[in-house]
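Structure first, then comments.
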Amino acid sequence: MDLLKGTKVTWLGHSTVLVSTPKGTNLLIDPFIQHNPKFPKDFSLPESLPYILLTHGHGDHISDAVPVAQKHDSSVLAIYELADYIGRRGVTKTIGCNIGGTVQLDDVAVTMVEAKHSAGAIDDDGTHYVGVAAGLVLTIANGPVLYHAGDTTVFSDMKLIAELYHPEVAMLPIGGHFTMGPYEAALAAKFLAPQLILPLHFGTFPPLTGTPEQLAARIEPEIKVVRISPGQSI
Ligand SMILES: [Zn+2]
């Protein structure tokens, strides 16, 4: 698709997304692999995976961050407290940042933005405070601007994300129950005004009932809703 200007966005089920830039930089967002029932079975991650980006500390977004980072010698970017948590679990290269900040990772400027969601990390020792939930805007050199909303409902300050960064592609949760569903995501689409929406966080588990069709039926036809299977790319 021309809009992506040579950038490849591969959906790996749930909120896990692999971004490959025109320059060849690979970034993996919210790795949920081993326990992700929708992760494509025959898919292997690229050998070169310099960056892993995390939106928040819930297991279905971070559970494979440590093993994947260790295997690929990746740097893990997350909100400050979550980066610290990941670092204490054996990842040597972490990048802690916070809402409103931008970090340049090779040819990608990553800006952390707000999300409306909770964000504890739960392990054998209980629930830990690991900062707040966030979204990520990826401004790719010679490529598009991508927005991965993480887990969130719609909020009116999505208008600020549109005004500041002009995302052409919005990756939005639509499953409901833990995040917004299609009804709320339709308003998010209006606020963000992207050209393309890649729906995330639906169909993985039975409560996540929202569908791309329900979203598409509620938004202006100028905004295209991508309907792909896990393992496929736009
Ligand atoms: Zn969550």
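The basis for the numbers below is simple: all heavy atoms, side chains too, and nothing from hydrogens, waters or symmetry mates.
The CG atom of Leu136 sits 5.0 Å away from atom CE of Met112, with the distance rounded to the nearest 0.5 Å. Rounded to the nearest 0.5 angstrom, Leu12 CG and Asn36 CG are separated by 8.5 Å. The structure places OG1 of Thr94 at 9.0 Å from CD1 of Ile86, a figure rounded to the nearest 0.5 Å. To the nearest 0.5 Å, atom CG of residue Leu53 and atom SG of residue Cys97 are 9.0 Å apart. Going from atom CD of Glu168 over to atom NE2 of His166 covers 10.0 Å, rounded to the nearest 0.5 Å. Here the CG atom belonging to Leu215 is positioned 13.5 Å from the OH atom belonging to Tyr183, to the nearest 0.5 angstrom.
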Residues 224-234 side chain polar contacts: donor-acceptor under 3.5 Å, at least two apart:
{"unit_1": "Lys224", "atom_1": "NZ", "unit_2": "Pro221", "atom_2": "O", "d": "3.0"}
{"unit_1": "Gln232", "atom_1": "OE1", "unit_2": "Ser229", "atom_2": "N", "d": "2.7"}
{"unit_1": "Ser233", "atom_1": "OG", "unit_2": "Thr10", "atom_2": "OG1", "d": "2.7"}

Atom pairs and distances, donor-acceptor, side-chain atoms in residues 58-71, under 3.5 Å, two or more places apart:
{"unit_1": "His58", "atom_1": "ND1", "unit_2": "His56", "atom_2": "NE2", "d": "3.3"}
{"unit_1": "His58", "atom_1": "ND1", "unit_2": "His117", "atom_2": "NE2", "d": "3.2"}
{"unit_1": "His58", "atom_1": "NE2", "unit_2": "Ser118", "atom_2": "OG", "d": "3.4"}
{"unit_1": "Asp60", "atom_1": "OD2", "unit_2": "His14", "atom_2": "NE2", "d": "2.7"}
{"unit_1": "Asp60", "atom_1": "OD2", "unit_2": "His201", "atom_2": "NE2", "d": "3.3"}
{"unit_1": "His61", "atom_1": "ND1", "unit_2": "Asp30", "atom_2": "OD2", "d": "2.7"}
{"unit_1": "His61", "atom_1": "NE2", "unit_2": "Asp151", "atom_2": "OD1", "d": "3.2"}
{"unit_1": "His61", "atom_1": "NE2", "unit_2": "Asp151", "atom_2": "OD2", "d": "3.0"}
{"unit_1": "Ser63", "atom_1": "OG", "unit_2": "Gly59", "atom_2": "O", "d": "3.1"}
{"unit_1": "Asp64", "atom_1": "OD2", "unit_2": "Ile33", "atom_2": "N", "d": "2.7"}
{"unit_1": "Asp64", "atom_1": "OD2", "unit_2": "Gln34", "atom_2": "N", "d": "3.2"}
{"unit_1": "Gln70", "atom_1": "NE2", "unit_2": "Gly90", "atom_2": "O", "d": "3.0"}

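Nearest heavy-atom pair across Leu172 and Ala185 is CD1-O, 4.3 Å. Nearest heavy-atom pair across Ile219 and Ala189 is CG2-CB, 3.9 Å. When all heavy atoms of Pro144 and Leu146 are compared, the closest pair comes out as CG-CD2, 3.8 Å. Residues Pro167 and Ala162 approach most closely at CD-CA, 4.0 Å, considering heavy atoms. Contact record, Ala115 with Gly135: CB-N, 4.0 Å, taken as the closest heavy-atom pair. In terms of heavy atoms, Ala119 sits closest to Gly131 at CB-O, 3.4 Å.
Under a hydrophobic-cluster definition in which Ile, Leu, Val, Met, Phe, Trp and Tyr are linked whenever side-chain heavy atoms come within less than 4.5 Å, directly or via other members, Phe191 and Tyr165 are assigned to the same cluster. Criterion: ILVMFWY side-chain heavy atoms under 4.5 Å apart, direct or through other members. Under it, Val130 and Phe178 are not part of a common hydrophobic cluster. Clustering ILVMFWY residues whenever any of their side-chain heavy atoms sit less than 4.5 angstrom apart, transitively, puts Leu54 in the very cluster that holds Leu45. Under the 4.5 Å side-chain contact rule for hydrophobic residues, Leu49 and Phe32 do not share a cluster. In the hydrophobic clustering of ILVMFWY residues, with side-chain heavy atoms under 4.5 Å counting as a link, Phe205 and Leu200 come out apart.
At a threshold of 4.5 Å between non-hydrogen side-chain atoms, the residues Val9 and Leu198 count as touching. The side-chain heavy atoms of Ser20 and Thr7, taken from C-beta on, include no pair separated by under 4.5 Å. Contact annotation: the side chain of Val113 never approaches that of Ile99 to less than 4.5 Å [non-hydrogen atoms, C-beta and beyond]. Looking at Leu77 and Val110, their side chains come closer than 4.5 Å, going by heavy atoms from C-beta outward. No side-chain heavy atom of Lys5 sits less than 4.5 Å from a side-chain heavy atom of Asn142. The closest side-chain heavy-atom distance from Ile161 to Val137 is below 4.5 Å. By the 4.5 Å heavy-atom criterion applied to side chains, Pro199 and Pro212 are counted as neighbours.
Listed by first and then second residue, the ring-ring contact (aromatic ring centres under 6.0 Å, His included) pairs involving residues 214-234 amount to none (not counting sequence neighbours). Residue pairs meeting the salt bridge (Lys or Arg N to Asp or Glu O under 4.0 Å) criterion with at least one partner in residues 36-54, sequence neighbours excluded, are absent. Applying the ring-ring contact (aromatic ring centres under 6.0 Å, His included) test to every pair with at least one member in residues 121-149, sequence neighbours left out, gives these pairs: Tyr85-His128. Within the structure, no pair that satisfies the salt bridge (Lys or Arg N to Asp or Glu O under 4.0 Å) test touches residues 153-163, not counting sequence neighbours. For residues 76-97, the set of pairs meeting the salt bridge (Lys or Arg N to Asp or Glu O under 4.0 Å) definition, not counting sequence neighbours, comprises Asp73-Lys93, Asp84-Arg88, Arg89-Asp123.
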task = Any chance you could lay out the side chain to side chain contact (heavy atoms under 4.5 Å, CB included) test for Leu27 and Leu18, step after step, and finish with the verdict?
result = CA-CA 6 Å; Leu27 308 97; Leu18 177 68; over 6 Å; no
ask   = Would Val17 and Met171 count as a side chain to side chain contact (heavy atoms under 4.5 Å, CB included) if you check the C-alpha gap in whole Å, the side-chain angles of each, and the deciding distance to 0.1 Å?
value = CA-CA 9 Å; Val17 175; Met171 302 177 237; 3.8 Å; yes
query = Under the side chain to side chain contact (heavy atoms under 4.5 Å, CB included) criterion, do Ser74 and Tyr51 qualify, and how do the steps go?
reply = CA-CA 5 Å; Ser74 320; Tyr51 303 109; over 6 Å; no
task = Go through Val169 and Leu3 one step at a time and tell me if the side chain to side chain contact (heavy atoms under 4.5 Å, CB included) criterion holds.
result = CA-CA 9 Å; Val169 179; Leu3 170 67; 4.2 Å; yes
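Salt-bridge check for Arg218 with Glu213: failed, with every basic side-chain N at 4.0 Å or more from each acidic carboxylate O.
The 12-atom threshold is exceeded at CZ of Phe155, counting heavy atoms of other residues, nucleotides or ligands nearer than 6.0 Å.
A distance-only check finds no donor-acceptor pair linking the side chain of His72 to the backbone of Ile52 [under 3.5 Å]. The main-chain N or O of Val145 is never found under 3.5 Å from a side-chain atom of Thr139 such that the two would form a donor-acceptor pair.
Partners of Glu184 under the side chain to side chain contact (heavy atoms under 4.5 Å, CB included) rule, at least two apart in sequence or in another chain, are Thr153, Val154, Met180. Residues satisfying the side chain to side chain contact (heavy atoms under 4.5 Å, CB included) criterion with His177, sequence neighbours excluded, are Pro207, Leu208. For the side chain to side chain contact (heavy atoms under 4.5 Å, CB included) test, residues two or more places apart in sequence or in another chain that qualify with Asp107 are Thr21, Lys23, Thr25, Ala141. Scored by the ring-ring contact (aromatic ring centres under 6.0 Å, His included) test, Phe202 finds Trp11 as partners (sequence neighbours excluded). For Pro194, the side chain to side chain contact (heavy atoms under 4.5 Å, CB included) partners are Ala170, Leu192, Ile197, Ile223, not counting sequence neighbours.
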